[in-house]
Amino acid sequence: MQNDPRSIGVFDSGLGGLTVLSAIRRKFPNESLFYLGDTARLPYGTKSPETVLKYALACAKALMKQAELKLLVIACNTATAHAFSALQDELEIPVVGVIESGVSETLSHVHLDSIAILATAGTIRSKAYERELKKQNFEGRIYPLACPLFVSLAEEGLTEGPIAQAISKHYLRQLPYLPDAVILGCTHYPLLLPTLKASLPHKTIWIDSGHATAHHLKFSPCLHQRGEARYFVTDAPERFQKVASQFLGQSIPIPDLISVD
Ligand code: DGL
């Protein structure tokens, strides 16, 4: 189908998935996007795999009630780690996660001997990145590092300044060596990129799994409509609007509050 006007659904536990949404919007300006931030149940990164799987299935179904979707993007590494296969099996539309593309993008840089993965505790525990790096034939050193406080910093809009700097240093000094590349394995973390970059040498390659995902997306485009985004949350819509507008560099309407249970 060459002109498919159905929408693309994108979900995350909160604001982090907006880093993926904005990359998709830039690359595909004609697409209609439906975004759900599961703010009532954030963070996902500290929850068990079973709980995250349940939440991810509920988010997918809730989005599919709002619009006819041609593609679902899991704009959350933790949900990708725990629910990607289940969502692929369960849904009749294509499902895209952020881990495979993040790894492909990383390995498109040659001469990498060491890679650090910064992610939520849940993603790190799942070893999903290590598995994917091995699947894509990476044989170098891998250092996984859980950085749970970054999610709160991003949700608070506290991504620069002394607090963000101190917390970035607190985590990054745990790396036992300077990695050639760092994968931001949580979609909230790119919001802290300037602060993170200031904490490691310039030659480190930083990978934003959300950008990589937008770059690798494949679907039948809609060529004729003007792309619009609609936003939904499961709690605190005004708060989401305020911080989201700060990150997106443009104001968004107050998201609709929906229940996903
Ligand atoms: N943004 C999500 C991720 O990519 C989850 C953050 C959280 O809810 O802990 O993993």
Examine F34 together with Y231 and report whether their ring centres are nearer than 6.0 Å. no
Donor-acceptor pair, side chain of T19 and main chain of T187, under 3.5 angstrom: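 Between the backbone of T187 and the side chain of T19 there is a qualifying donor-acceptor contact (under 3.5 Å).
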Determine whether a donor-acceptor pair (N or O, by modelled atom type, separation under 3.5 Å) exists between the side chain of K47 and the backbone of P43.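 Indeed, once roles are kept as given, a pair shorter than 3.5 Å links the two residues.
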Compute whether any side-chain donor of one residue and acceptor of the other, for H82 and R125, lie under 3.5 angstrom apart.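 H82 vs R125: no donor-acceptor pair found between side chains.
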Side-chain donor-acceptor pair under 3.5 Å between T234 and D38, yes or no?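 Result is yes, a qualifying pair exists.
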With under 30° as parallel and over 60° as perpendicular, where do the rings of Y189 and F150 fit, or are they tilted in between? perpendicular
Could you give me the CA-CA distance, side-chain angles and deciding distance for H216 and E105, then say whether side-chain contact (heavy atoms from CB on, under 4.5 Å) is met? CA-CA 9 Å; H216 287 102; E105 175 84 13; 3.9 Å; yes
Should [X] and [Y] count as side-chain neighbours, where that means a heavy-atom distance under 4.5 Å?
X	Y	result
L196	W206	yes
T213	V96	yes
T120	C186	yes
I117	L133	yes
F11	V73	no
Y35	L18	yes
S245	I252	yes

I want to check a possible cation-pi pair here: R141 against Y177, using under 6.0 Å from ring centre and within 45° of the ring axis as the test.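 Judged by the rule (NZ or CZ under 6.0 Å from the ring centre, within 45° of its axis), R141 counts as positioned above Y177.
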Looking at E68, I'd like to know if its CD atom is crowded, meaning that more than 12 non-hydrogen atoms belonging to other residues, nucleotides or ligands lie closer than 6.0 Å. no
Rounded to the nearest 0.5 Å, what separates atom CG in L21 from atom CG in L36? 12.0 Å
Measure the CG-OG distance between L72 and S7 for me, rounded to the nearest 0.5 Å. 12.0 Å
Could you pull out the closest heavy-atom pair between F232 and Q66, with the gap in Å?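 Scanning both residues, the minimum pair turns out to be CE2-OE1, 3.5 Å.
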Correct closest heavy-atom pair for D180 and D113 would be OD2-N, 2.6 Å
Y129 and its side-chain hydrogen bond (donor to acceptor under 3.5 Å, both in side chains) partner, picked from N77, T106, T123: N77
Less than 4.0 Å between a side-chain N and a carboxylate O, is that true for K70 and E31? yes
One thing to verify: whether K134 and E132 come together as a salt bridge, which I'm taking to mean a side-chain N less than 4.0 angstrom from a carboxylate O.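 No, E132 and K134 are not salt-bridged.
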